[in-house]
Amino acid sequence: VSLLYSLDVLERHGLQIFLGTFKDDTNKTKMKYFVAQDQSLKEFVNALMEKYKDTSPLALNVNPLPNGEVPSNADKKFYYGHPKYELLKTKLLEFFNNGGTKSIVFCEFRDTVQLVYTLLLQLRPLILPKMLIGQGGAISQKDQLNVMKDFRSNNVNVLVTTSVCEEGIDVGEVDLVICFDISSKNPTRFVQRIGRTGRKRCGKVIILASEGKEEETVNSVIGSKDKLNKSIHSNKEIQKNLYRNSPRLIPGNFMPKCVETKFNIPDIVEPEAKVKGKKVKKPIGPGISSHFKRVTRSASGEFENIAQPD
């Protein structure tokens with residue numbers, strides 16, 4: 001099963017991520033157990049690691065320095081190990097050379113995020129990338145907020161991220177979404193990704209899929225999405241609760257529109273807690289006391305002692 005998973009990663013993500021699947025995550029040994037038990041496989045993996053260790057982007061620190069600059073080694077020539085990276089580079093260059101504004105690149109693995117980020121660093125200043133991963137990837141919440149602030153303020157025009165950015169984060173206006181890989185057949189995740197574009201104007205979505213299993217996954221998830229949409233539109237229970245002949249509530253000569261308005265809320269001055277050594281309960285509103293007399297009903301049914309402030 002582990003070897004089949006490694007081969008699947010090789011097809012979708014390339015050689016660099018493929019070699020990472022053989023490393024022992026517990027750091028007890030250099031290789032996973034199934035590699036250590038097979039001498040020929042171990043020699044093969046070791047030979048590949050030795051050959052590409054000097055051209056692997058994963059071996060370098062490409063995070064910005066404290067002064068905001070990117071290390072010079074980020075401009076080194078790297079080997080990414082999959083045609084997707086060159087295709088991604090071509091599509092983004094076409095997009096920004098034709099007046100594109102901002103783009104998001106979704107990746108499944110954090111290592112893939114770093115590979116794509118390193119690739120795009122070499123395309124500065126036309127492309128200004130930053131990567132966003134979950135806090136489990138040694139990134140603090142403060143760093144996450146700074147990345148999103150730069151992206152929304154147009155200091156960054158490409159955001160390379162994982163599923164952490166699929167929902168729940170305000171990314172602003174995005175004209176291009178690129179799915180570097182598709183691993184889940186869940187149509188909800190796919191809709192969340194592509195829904196990051198096309199909000200205020202027409203957007204574009206590009207899916208990079210390898211021939212074979214990944215291509216089948218893309219076709220399956222698109223089919224599931226269309227089937228789900230059709231099911232919602234044809235659902236009799238939903239149709240029954242929709243009243244299509246509802247009259248217009250606002251007169252026809254009024255054309256309402258959304259206007260963003262900021263309110264300045266004045267500071268509330270708390271009243272003195274004590275007056276002449278006696279505690280005074282704070283009012284619940286201007287001129288209103290928190291104590292009222294009880295209201296009673298007489299035998300004739302009329303109210304007596306109508307509530308008045310004490």
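In this text, all values refer to a predicted model and were calculated from it rather than measured experimentally. No hydrogens, no waters, no symmetry mates; every other heavy atom, side chains included, goes into these values.
- Separation of atoms NZ (K53) and CD (Q16) is listed at 13.5 Å; rounding is to 0.5 Å.
- In this pair, H13 and F109 present their aromatic rings tilted. The plane angle is within the 30 to 60° band.
- When each of V105, V147, V113 is paired with M131, the side-chain contact (heavy atoms from CB on, under 4.5 Å) condition holds for V113 and for no other.
- Rounding to the nearest 0.5 Å places CG of N219 at 11.0 Å from CD of E214.
- The shortest distance between side-chain heavy atoms of V174 and L159 does not fall below 4.5 Å.
- The two atoms that bring V9 and F18 nearest to each other are CG1-N, 3.9 Å, heavy atoms only.
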side-chain contact (heavy atoms from CB on, under 4.5 Å) assessment of V164 paired with T161
CA-CA 7 Å; V164 69; T161 183; 3.4 Å; yes
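- Scanning all heavy atoms of the two residues, the minimum distance from F95 to S103 falls at CE2-CB, 4.3 Å.
- Cluster membership for V160 and L145, using ILVMFWY side-chain heavy atoms within less than 4.5 angstrom, is not shared.
- By the 6.0 Å and 45° rule, K84 stacks over the aromatic ring of F180.
- Considering every non-hydrogen atom in both G252 and M255, the closest pair reads O-SD, 4.1 Å.
- Between K213 and D8, some side-chain heavy-atom pair lies under the 4.5 Å cut-off.
- A heavy-atom distance below 4.5 Å is not found between the side chains of N46 and E50.
- Not one N or O on the side chain of R189 forms a donor-acceptor pair closer than 3.5 Å with the backbone of S163.
- If you take CD on Q114 and CG on L58, they are separated by 5.5 Å, rounding to the nearest 0.5 Å.
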Quick one, V218 with F190, criterion side-chain contact (heavy atoms from CB on, under 4.5 Å). Give me CA distance, side-chain angles, the key distance, then yes/no.
CA-CA 9 Å; V218 172; F190 178 70; 5.9 Å; no
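- S153 places a side-chain N or O within donor-acceptor distance of the main-chain N or O of K149, the cut-off being under 3.5 Å.
- Taken to the nearest 0.5 Å, the CG atom of L92 stands 10.5 Å off from the CG atom of N97.
- Criterion: ILVMFWY side-chain heavy atoms under 4.5 Å apart, direct or through other members. Under it, V205 and V191 are not part of a common hydrophobic cluster.
- Shown here is K91, whose NZ atom has no more than 12 heavy atoms of other residues, nucleotides or ligands within 6.0 Å.
- Residues C202 and D175 share a closest heavy-atom pair of O-OD1, 4.5 Å.
- Of all the heavy atoms in T217 and I182, the pair that sits closest is CG2-CG2, 3.7 Å.
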Is there a side-chain contact (heavy atoms from CB on, under 4.5 Å) between K225 and V221? Walk through the geometry before answering.
CA-CA 6 Å; K225 176 185 72 70; V221 74; 5.9 Å; no
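- Applying ring pair (Phe, Tyr, Trp, His ring centres under 6.0 Å) to Y85 and the options F78, Y80, Y117, Y79 leaves one that passes, Y80.
- For the atom pair CZ (F106) and CG (D181), the distance works out to 11.0 Å, reported to the nearest 0.5 Å.
- Side-chain contact check for K204 versus T197: every heavy-atom pair is 4.5 Å or farther apart.
- In this structure, L128 is not a member of the same hydrophobic cluster as L93, with clusters built from ILVMFWY side-chain heavy atoms closer than 4.5 Å.
- For the residue pair S210/E11, the side-chain donor-acceptor check at 3.5 Å is not satisfied.
- At most 12 heavy atoms of other shown residues, nucleotides or ligands fall within 6.0 angstrom of atom CG in N264.
- Contact record, K102 with V171: NZ-O, 4.1 Å, taken as the closest heavy-atom pair.
- Distance check, rounded to the nearest 0.5 Å: CD1 of I17 to CZ of R12 gives 10.5 Å.
- N157 places a side-chain N or O within 3.5 Å of a backbone atom of L126 that can act as its donor or acceptor partner.
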Run the side-chain contact (heavy atoms from CB on, under 4.5 Å) test on L132 and Q144 for me, step by step, so that the C-alpha distance in whole Å, both residues' side-chain angles and the decisive distance to 0.1 Å come before the verdict.
CA-CA 6 Å; L132 179 67; Q144 289 179 327; 3.7 Å; yes
